[in-house]
Amino acid sequence: MEPADGGRWAGVVFNLPLDQMYTYRIPEGLPVLPGVRVRAELGRRTLMGFVLEVYTELPRELVEKDITPKDLLTQVDELPLFTPSQVELARWMSTMYYSNIGECLGAMIPGGKQERAVVLGGEEEAYQEKDVRLSEEQELGVRSICSSPRGMYYVYGMTGSGKTEVFLTAARKTVDEGRGVIYLVPEISLTRQVADSIRSRFGSSSAILHSRLTPSQRLGEWRRIVRGEARVVVGARSAVFAPVPDLGLIIVDEEHEGSYKSGSSPRYHARQIAMRRASAEGARLVMGSATPSVEAYHLMEEGKISRVSLSRRLAGGDEPEIRVVNLKGVEGCLSPDLITELKQTKDLGKQSILFLNRRGFSHFFHCRSCGYEAKCPRCSVGLTYHKSRNAMVCHYCGYRTPPMASCPECGSLDVGYAGFGTEHVEEEVRRLFPGWVIERLDTDSVKKKGSLEQIISRFRRGEIDVLLGTQMVAKGLNFPGVRLVGIVLADTGLHMPDFRSAERTFGLITQVSGRAGRYTPDGLVLVQTYNPSSSPIAQASTSRISDFYTQEIQTRRELGFPPFSRMIRLLVRSKNHHRAWSSARQIAVRLEHNRRNLQNQQPSLGETEILGPAEAPLGMVNGNFRVHILVTGAVFQAVHRMVGASIQGVVHPRGVYLEIDVDPVSLL
DNA sequence: AGCACGCCGACT
DNA sequence: GTCGGCGTGCTC
């Protein structure tokens, strides 16, 4: 097998920003194969690397450059950790996301990158494993999904309409065909419930990749998957890389969830990886949500994804009543309506949840008479008020304008910035309802270990009257004793300097109302807002779902935002303000240069646009100044090449870092 | 990313 | 005289 005469050499990549492969001599007797990990000396350091290739001859370039390879130190894995198709996927990722292969491979092995994840384990209602009989609609959906060995589907239906059952049945059929399944769930939320039902149905032929596994447990599960012992894999984002042989189905549950996008390099989107894998490996892709991303909805409308609609709410539970409350003229942050309903709920012996959006973005400028809000004339995103500079600033393009003294819509002088933080609301609730048990659940209060579980179980037992929570309460938690859900200020999301703000506001209200009526027949959602007529709020509150998407897609089309364009964001970060800006400007100049070049050489690639450099909405994080540039264009190739050419060979000064985000989900 | 080399300013 | 800033370049 092995040539007895000659030696062997390995092409190795490292998880470092080195876009190069390094050659090492394989010591006699080491059974090194492509796809194994090894330890090797690079410079003065000993690092772990990934073997991509094995040669039986010393590569010519090394002979020419007179380089004598060092010996590999040790072999970490006996058998390859990566299949050739995974290495190929890593190659594709590295070009797609401007990362290097070593970094991509590092992101693919679970635990290779520690992902922080709060798992609200065990908080969902226990899954009842009875004979589940599918409704006619569900049956039809499964049949359509399984009618062909491949294809893209979207199971679209409200909370409680039985999406999970469709997924599970499709998974069963796929396994019966002898093919493997990957079931992706968002980082927070229903992990536990789905994991339980998968385990109970597929037993030892399933693998659950959750954050609590130790590195060696993860590796063990990975090996079981490679060997084909585990045929159904459940996990968050990185589970999309599971080395399932003969992959037949990828499920992306709660497709709209932002946690599918990686927050660090390589900044991949699990949905995008899933699409690529499904098409490369001839598998089906099934996504699902009650509130699809606008991108996915548009693909459905275009017929590129087949829609599987689930219209009926199964297993009882009525639609909750959704009432919009105008905050105009209201003193403080709780309207009389909300106060009345809180009391009413307490009198009935039921519980309430009050939703607060993230603080920090409470500084939007609006008219208290008519609800008019300041927007950038060029980007159509909310302007952020900067008190220190006495200006309203667009965080997309850098546009700025002095704050208005009167409302341009109605002339009222009652204009100003508004918003309230978590502490403020808590204070007011405590003041209004002395003697009630009120608890707050947000990232601050969760830092103490165990307090999250504790608060949740106390709430479940009915020991808490009002739970004040942020996003984390919005998803995946269902409490039988809840009658009232109050969204304290639905506008907050609307004023985020982000083109997805309407989508997120709509999604939040819709998701929340899906929760409220689940157990209580008189479930009630109160949506407090300064803009009762704002489209996403009005449409979500009256369940005019398709109206929202139609309108939002039209707006995106007019403004040339995704899905009608692709976007790449370049973020320059430095402790030094001047350096951050000068590096950003330098990149912008190169971008402009390459934009012109591309325009002249390949006009068929269409127009591209460069927005910025502008201060990022979070202008300073951790003492780092943040400046970003947004590049958009209808043809992805054009945008991608332009950025590639513009960062090629650019060396930024000490302490300046560049982060590139392809198809960013958040622009903060 | 690290870690070396190397070149100019202010300290025991 | 040295310590230490940080720009530059390299890692098989």
Side-chain angles (χ1 to χ4, degrees), chain A residues 6-28 30 32-77 87 90-91 93-94 97-109 111-115 262-268 570-587 590 621-626 647-661:
Chain A
R8 301 202 307 147
W9 289 266
V12 179
V13 290
F14 297 94
N15 190 349
L16 289 178
L18 298 169
D19 215 8
Q20 221 196 330
M21 187 152 75
Y22 293 88
T23 310
Y24 290 85
R25 202 183 73 87
I26 302 173
E28 298 291 313
L30 272 194
V32 169
L33 290 170
V36 300
R37 289 175 301 170
V38 288
R39 300 194 72 75
E41 196 178 82
L42 183 73
R44 251 133 277 241
R45 297 179 291 166
T46 300
L47 297 167
M48 177 146 80
F50 305 101
V51 174
L52 292 194
E53 275 163 72
V54 170
Y55 321 104
T56 49
E57 255 175 80
L58 185 62
R60 186 144 299 159
E61 314 94 79
L62 272 88
V63 181
E64 283 163 7
K65 288 192 216 153
D66 197 28
I67 294 169
T68 316
K70 294 179 181 173
D71 277 19
L72 287 178
L73 298 177
T74 50
Q75 185 170 341
V76 178
D77 308 300
V87 174
R91 281 216 164 85
M93 278 174 75
S94 73
Y97 300 111
Y98 306 98
S99 193
N100 63 310
I101 301 169
E103 224 177 343
C104 294
L105 289 167
M108 288 166 73
I109 41 167
K113 265 194 157 56
Q114 282 302 338
E115 281 165 16
S262 166
S264 57
S265 180
R267 295 171 176 276
Y268 66 91
L570 297 98
L571 180 98
V572 180
R573 166 169 64 83
S574 174
K575 301 248 188 235
N576 182 308
H577 184 266
H578 171 75
R579 285 185 187 182
W581 276 92
S582 80
S583 290
R585 282 193 205 100
Q586 190 195 329
I587 292 165
R590 295 184 54 118
V621 172
N622 231 321
N624 282 293
F625 294 93
R626 303 164 87 245
I647 58 163
Q648 188 78 261
V650 174
V651 265
H652 16 264
R654 217 162 242 280
V656 177
Y657 302 90
L658 173 66
E659 286 168 20
I660 304 172
D661 197 342

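To find a chain, count down the sequence lines: A is the first, B the second, and so on, and within it residues start at 1.
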- Task: Could you tell me the separation between the OG1 atom of Thr23(A) and the CD atom of Glu53(A), rounded to the nearest 0.5 Å?
- Result: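 If I round to the nearest 0.5 Å, the distance is 9.0 Å.
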- Query: Is the shortest heavy-atom distance from the side chain of Leu52(A) to the side chain of Arg91(A) under 4.5 Å?
  - Reply: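 Yes. Closest side-chain heavy atoms under 4.5 Å.
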Calculate the interatomic distance between [X] atom [atom1] and [N] atom [atom2]; express it in whole Å.
X: Leu16(A); N: dA1(B); atom1: CG; atom2: C1'; answer: 5 Å
X: Lys70(A); N: dT11(C); atom1: NZ; atom2: C1'; answer: 7 Å
X: Asn15(A); N: dG2(B); atom1: CG; atom2: P; answer: 10 Å
X: Tyr24(A); N: dC12(C); atom1: OH; atom2: P; answer: 5 Å
X: Asp66(A); N: dT11(C); atom1: CG; atom2: P; answer: 13 Å
X: Ile26(A); N: dC12(C); atom1: CD1; atom2: P; answer: 16 Å
X: Glu103(A); N: dA1(B); atom1: CD; atom2: P; answer: 9 Å
X: Ile67(A); N: dT11(C); atom1: CD1; atom2: P; answer: 7 Å

- Message: Just to be sure I understand the rule, does Pro17(A) reach a base, reach only the sugar-phosphate, or reach nothing, if contact means heavy atoms closer than 4.0 Å?
- Response: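 Since a base atom lies under 4.0 Å of Pro17(A), the category is base.
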- Under 4.0 Å between any heavy atoms, over every strand shown, what does Glu41(A) touch: base, sugar-phosphate, or nothing? Just pick one.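 Result for Glu41(A) = sugar-phosphate.
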- Query: Side chain of Arg267(A), backbone of Glu659(A): donor and acceptor closer than 3.5 Å?
  - Reply: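 Pair absent, no side-chain N/O of Arg267(A) close to backbone of Glu659(A).
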- Give a yes or no on whether the backbone of Ser264(A) and the side-chain of Ser262(A) come within a donor-acceptor separation of less than 3.5 Å.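 Pair found, side chain donor or acceptor close to backbone of Ser264(A).
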- dA1(B) base / Arg45(A) side chain donor-acceptor hit below 3.5 Å: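 Donor-acceptor pair under 3.5 Å: yes.
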- Query: With respect to the phosphate group of dT11(C), does any side-chain polar atom (N or O) of Tyr22(A) fall under 4.0 Å of OP1 or OP2?
  - Reply: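 Looking at the OP1 and OP2 atoms of dT11(C), neither is under 4.0 Å from any side-chain N or O of Tyr22(A).
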- Look at Arg579(A) and dG7(C) and indicate whether a side-chain polar atom (N or O) is within less than 4.0 Å of OP1 or OP2.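 Looking at the OP1 and OP2 atoms of dG7(C), one of them is under 4.0 Å from a side-chain N or O of Arg579(A).
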- Task: If the plane angle is over 60° it's perpendicular, under 30° parallel, otherwise tilted; pick one for Tyr22(A) and Phe14(A).
- Result: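 Tilted: the ring planes of Tyr22(A) and Phe14(A) meet at 30° to 60°.
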- Task: Select one nucleotide: of dT11(C), dC12(C), dG2(B), the one nearest the side-chain heavy atoms of Leu18(A).
- Result: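 The listed nucleotide nearest to Leu18(A)'s side chain is dT11(C).
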- Would you indicate which nucleotide in dT11(C), dA1(B), dT8(C) comes nearest to any side-chain atom of Gln20(A)?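 The closest nucleotide is dT11(C).
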- Given DNA chain B, 5'-ward residue of the pair Arg44(A) and Tyr657(A), judged by closest heavy atom: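 Nearest nucleotide further toward 5': that of Tyr657(A).
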